[in-house]
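Here is the structure we will look at, set down as C-alpha cells.
The chains referred to below are lettered A, B, ... by the order of the sequence lines, with proteins before strands, and numbering in each begins at 1.
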Amino acid sequence: MLVSAPMSAPVRVRFAPSPTGYLHIGGARAALLNWLWARHTGGKFILRIEDTDQERSTEDAVRAILDGMRWLGLDWDEGPDVGGPFGPYFQMQRLGLYKEYAEKLVKAGKAYACYCSKEDLDAQRELAKAEKRQFIYPGTCRDLAYDPSRRHVIRFRLPKLLELTFTDLVKGAITRPGSTLQDEVIVRADGVPLYNFGAVVDDVTMEINLVARGDDHVNNTAVQVLLYEALGYPVPAFAHLPMILGADKTRLSKRHGATSVTAYRDMGFLPEAVVNYLVRLGWSHGDQEIFTMGELVKHFGFDHVGATASVFNPEKMVWVNQTWVKSLPPAELARRALPYYRAAGLEVEGDPRLPDVAKAYQERAKTLVDLVSQSRCYFAPVEMDPKAQEKFLGSDAAPILQAIRDGIAASAALDAAGLEKLFHDVAAARSLGLGKVAQPVRVALTGGTASPGIYDVILLLGREESLARLDAGLKLAGG
RNA sequence: GGCCCCUUCGUCUAGCGGUUAGGACGUCGGCCUCUCACGCCGAAAACAUGGGUUCAAGUCCCGUAGGGGUCACCA
C-alpha cells in the first residue's frame with residue numbers, strides 16, 4: 001500500500017549532486033528549482049553530497065559545486081559547511097546508517113546476500129544480449145543461507161507485483177510493469193550503498209518530502225518507491241525535470257560548448273541572468289521573460305514546469321544577460337565588473353570614472369567581459385585599429401581634429417552642451433554633416449569606430465587626455 | 001532491442017473544448033541617429049501524422065512516426 005507523505009508538513013527538498021565534476025547547467029537548474037520551491041513555501045533546502053562513487057568523486061568537484069551554487073545565490077539551509085540536524089551531509093560519512101537499514105531489510109527478509117561474482121553476471125548479461133533477451137537477475141541467491149564470511153552484495157528482494165504507479169508532479173502518473181524490475185543490488189561488497197539505496201535512506205532520514213531531480217531518474221523511481229515501502233516510510237512526492245538538450249537535441253554535454261556555470265561566470269554573465277535564463281527553460285509565468293529572484297520565489301511552482309525537454313539556446317541567454325546588464329545601477333555594474341578589469345590586466349580600482357563608464361557602456365555591452373573590452377581605452381593607451389585609422393584619419397581629417405582640439409583647449413569648462421555647440425559649429429563652418437566631424441575624433445580618442453556619444457567620450461577622458469589623443473591623431477593624419 | 005517519458009513558429013514558451021493560435025530570442029525590413037548600441041514600428045515563421053469522442057479539438061482517447069531517457073557492485 002502506498003503511503004503519501006503528508007503535504008501539510010513543511011517542505012523539505014534537496015539537491016544531491018555526485019561530486020564527479022563541476023556544477024553543470026542541468027544540475028544548476030535542478031538545484032535552482034528545488035531552492036525556489038523551498039523559498040516559495042518557506043521550507044528547507046538541503047544540500048547533500050552523494051560521493052559513494054569513490055572512483056570518480058573528488059574534493060575539487062565538491063568545491064566546484066559549492067562555488068557554483070554560491071555564485072548563483074543558492075544558499076542551503078542544511079549541508080556542507082553549514083551543518084544541520086540531519087547530518088552529516090556527505091554519504092561517505094553515513095555508512096553506518098546504510099548498514100543499519102540494510103541489516104533491517106535482511107532481517108525482515110526484504111533483502112538478501114548475493115554471492116554471484118561480477119564476472120559471472122557480466123557473462124550472463126552478454127549471453128542474454130547475444131540471444132536478444134532482456135537480462136533480469138534470476139534470483140540465484142534469493143534463498144541461500146546468509147554467510148557473512150563470503151564476499152557478497154546485498155540485493156533488494158523485489159515484492160511480487162503486476163505493475164507500479166507513482167504520481168509525478170510534472171509528468172503525471174507513471175506506470176512501470178513489474179516484469180521489468182529486478183532484485184537490485186543495494187549495497188556493494190565493500191559495504192558502500194548504491195545510488196537507489198543511499199538516496200532513499202538519506203531522503204527518509206533527512207525527512208525529504210519532495211524529490212525534484214532530472215528525469216534521467218524516472219526509471220529509478222519505481223524501485224525507490226518499493227524501498228520506501230519496505231523500509232516502512234511514506235513515499236515523498238516526485239517531480240522529474242526534463243533534460244536540457246544541445247542544439248542537436250541530444251543531452252547537453254561538453255560537445256555543446258560551455259556547460260559549467262562557472263564558465264558562464266568567467267564569460268561575464270551575471271548570476272541573475274543565468275538564473276533567469278535557466279528557470280525559463282521549462283518553466284513559465286505567462287508571457288514574462290525577465291524575473292528578479294524575488295519574483296521567482298513568489299511565482300515559482302512545479303505546476304508550470306513543462307514536461308518536454310528543452311534546447312539550450314546561448315543567444316537567448318546572452319539577450320537575458322544584456323537585459324540584466326542594462327538594468328543594473330551603474331555603480332553596481334561597475335562594482336561587478338571590477339574582477340573582469342583585473343583579469344584583463346587593467347588597474348581601475350578606485351577610479352572615480354568607473355560608474356560613468358559603466359553608464360555609458362551598459363546598453364552596448366552584452367557581458368561584463370564585453371564591457372571591459374569595450375571600455376579599456378579609458379584605462380589604457382589607445383590601441384589604434386589600422387582600418388579605422390586608414391578610413392578616418394586621412395589628411396582631410398587634420399583640419400577637423402585641429403579645430404576640435406583648439407575648441408576644447410579654449411573652453412573654460414568641459415560640458416556636454418559646450419561640446420555639442422563646438423561640434424556643430426565646426427561642422428557648419430565646413431558645411432559637413434556631424435558624422436564627418438565626430439568619426440575622426442572618435443577614432444583619435446578611442447582607436448576605433450564604435451563608442452558611446454562623442455561628447456560622453458570626451459567627458460570621460462577629460463581635457464588633458466582628450467587633447468593628448470587629438471594631438472596624436474593629428475600626427476597620424478599628417479597634420 | 002525491452003521499458004519509461006515527450007511532441008505548438010528554427011529555439012524558449014502561452015494556451016488548460018469555441019482564440020484572427022499570443023509573447024520572447026533569433027532572422028529580415030524600416031524609423032531614430034555623430035559611430036556602435038539602445039529604443040520604436042513592421043514582416044516571415046508553429047499546433048508531427050492518422051483515426052476516433054464532441055455541435056465544436058492545439059486542447060480528451062487510441063494508433064503511427066519522430067525525439068529523448070534508462071536498462072551497472074555509476075549517479
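In terms of position on RNA chain B, the residue among Gly453(A) and Pro177(A) whose nearest nucleotide sits closer to the 5' end is Pro177(A). The nearest heavy atom of RNA chain B to His424(A) and to Gln134(A) marks one nucleotide each, and the one closer to the 5' end goes with Gln134(A).
Among the heavy atoms of the strands lying under 4.0 Å from Lys171(A) are primed sugar atoms or P, OP1, OP2 only; no base atom is included. Looking at heavy-atom distances under 4.0 Å, Thr20(A) makes no contact with the nucleic acid at all. Looking at heavy-atom distances under 4.0 Å, Val185(A) makes contact with sugar-phosphate atoms alone, never a base. In this structure, His217(A) reaches the bases: a heavy-atom distance under 4.0 Å links it to at least one base atom across the strands shown. As judged by a 4.0 angstrom heavy-atom cut-off over every strand, Glu184(A) is placed among residues making no nucleic acid contact. No engagement by Ser179(A) is indicated, since no non-hydrogen atom pair under 4.0 Å with the nucleic acid exists. Looking at heavy-atom distances under 4.0 Å, Pro452(A) makes contact with a base. Ala189(A) comes within 4.0 angstrom of a nucleotide base, judged by non-hydrogen atoms across all strands.
Judged purely by distance below 3.5 Å, without hydrogens or angles, the side chains of Asp147(A) and Tyr115(A) never pair a donor atom with an acceptor atom. Judged purely by distance below 3.5 Å, without hydrogens or angles, the side chains of Asp60(A) and Thr58(A) never pair a donor atom with an acceptor atom. Using a 3.5 Å distance cut-off with no hydrogens or angles, the side chains of Gln91(A) and Asp51(A) do not pair a donor with an acceptor. Judged by distance alone, the side chains of Tyr98(A) and Asp202(A) do bring a donor and an acceptor atom under 3.5 Å apart.
The base of rG39(B) lies outside donor-acceptor range of the side chain of Glu363(A), with no N or O pair under 3.5 Å. Looking at Asn220(A), its side chain comes within 3.5 Å of the base of rA75(B) through a donor and an acceptor atom. You won't find any donor-acceptor pair under 3.5 Å spanning the side chain of Arg176(A) and the base of rC4(B), going by distance alone.
Base pairing of rU49(B) is made with rG63(B), judged by Watson-Crick or G-U wobble geometry with both donor-acceptor distances under 3.5 Å. Both distances falling under 3.5 Å, in either a Watson-Crick or a G-U wobble arrangement, place rU27(B) opposite rA43(B). Here rC3(B) sits opposite rG69(B) as a Watson-Crick or G-U wobble pair (both hydrogen-bonding atom distances under 3.5 Å). Using the Watson-Crick or G-U wobble rule with both distances under 3.5 Å, rC55(B) pairs with rG18(B).
Contact of the Arg48(A) side chain with the Met206(A) side chain is registered, since non-hydrogen atoms from C-beta on lie closer than 4.5 Å. At a threshold of 4.5 Å between non-hydrogen side-chain atoms, the residues Ile400(A) and Leu432(A) count as touching.
Note on Lys326(A): a side-chain N or O is less than 4.0 Å away from OP1 or OP2 of rG39(B). The phosphate of rC38(B) (OP1 or OP2) has a side-chain N or O of Gln322(A) nearer than 4.0 angstrom. Of the side-chain N and O atoms in Arg133(A), none sit less than 4.0 angstrom from OP1 or OP2 of rC71(B). A close approach under 4.0 Å does occur between a side-chain nitrogen or oxygen of Arg188(A) and OP1 or OP2 of rC74(B).
Between the Asp356(A) side chain and the Pro330(A) main chain, no donor and acceptor come within less than 3.5 Å of each other.
Rounded to whole Å, the separation between the C1' atoms of rC40(B) and rC60(B) comes to 43 Å.
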Could you write out each protein N or O paired with an N or O of nucleotides 40-49 of chain B at a distance under 3.5 Å?
none

Polar pairs (N or O, both sides) under 3.5 Å between protein and nucleotides 12-17 of chain B?
{"from": "rC12(B)", "atom 1": "OP1", "to": "Val311(A)", "atom 2": "N", "distance (Å)": "2.9"}
{"from": "rC12(B)", "atom 1": "O2'", "to": "Arg280(A)", "atom 2": "O", "distance (Å)": "3.0"}
{"from": "rU13(B)", "atom 1": "OP1", "to": "Gly282(A)", "atom 2": "N", "distance (Å)": "2.5"}
{"from": "rU13(B)", "atom 1": "OP1", "to": "Ser310(A)", "atom 2": "OG", "distance (Å)": "3.4"}
{"from": "rU13(B)", "atom 1": "O3'", "to": "Ser284(A)", "atom 2": "OG", "distance (Å)": "3.3"}
{"from": "rA14(B)", "atom 1": "OP1", "to": "Ser284(A)", "atom 2": "OG", "distance (Å)": "2.9"}

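By the 30° and 60° cut-offs, the orientation of the rings of Phe302(A) relative to Phe300(A) is perpendicular. Between His217(A) and Tyr195(A), the two ring planes are parallel [angle under 30°; tilted spans 30° to 60°].
Residue Tyr277(A) is tested with Trp324(A), Phe312(A), Trp319(A), Phe269(A) for a ring pair (Phe, Tyr, Trp, His ring centres under 6.0 Å); the sole match is Phe312(A).
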Worksheet entry | Full working for side-chain hydrogen bond (donor to acceptor under 3.5 Å, both in side chains) between Arg442(A) and Gln439(A) | CA-CA 5 Å; Arg442(A) 186 185 325 276; Gln439(A) 270 316 74; 2.6 Å; yes

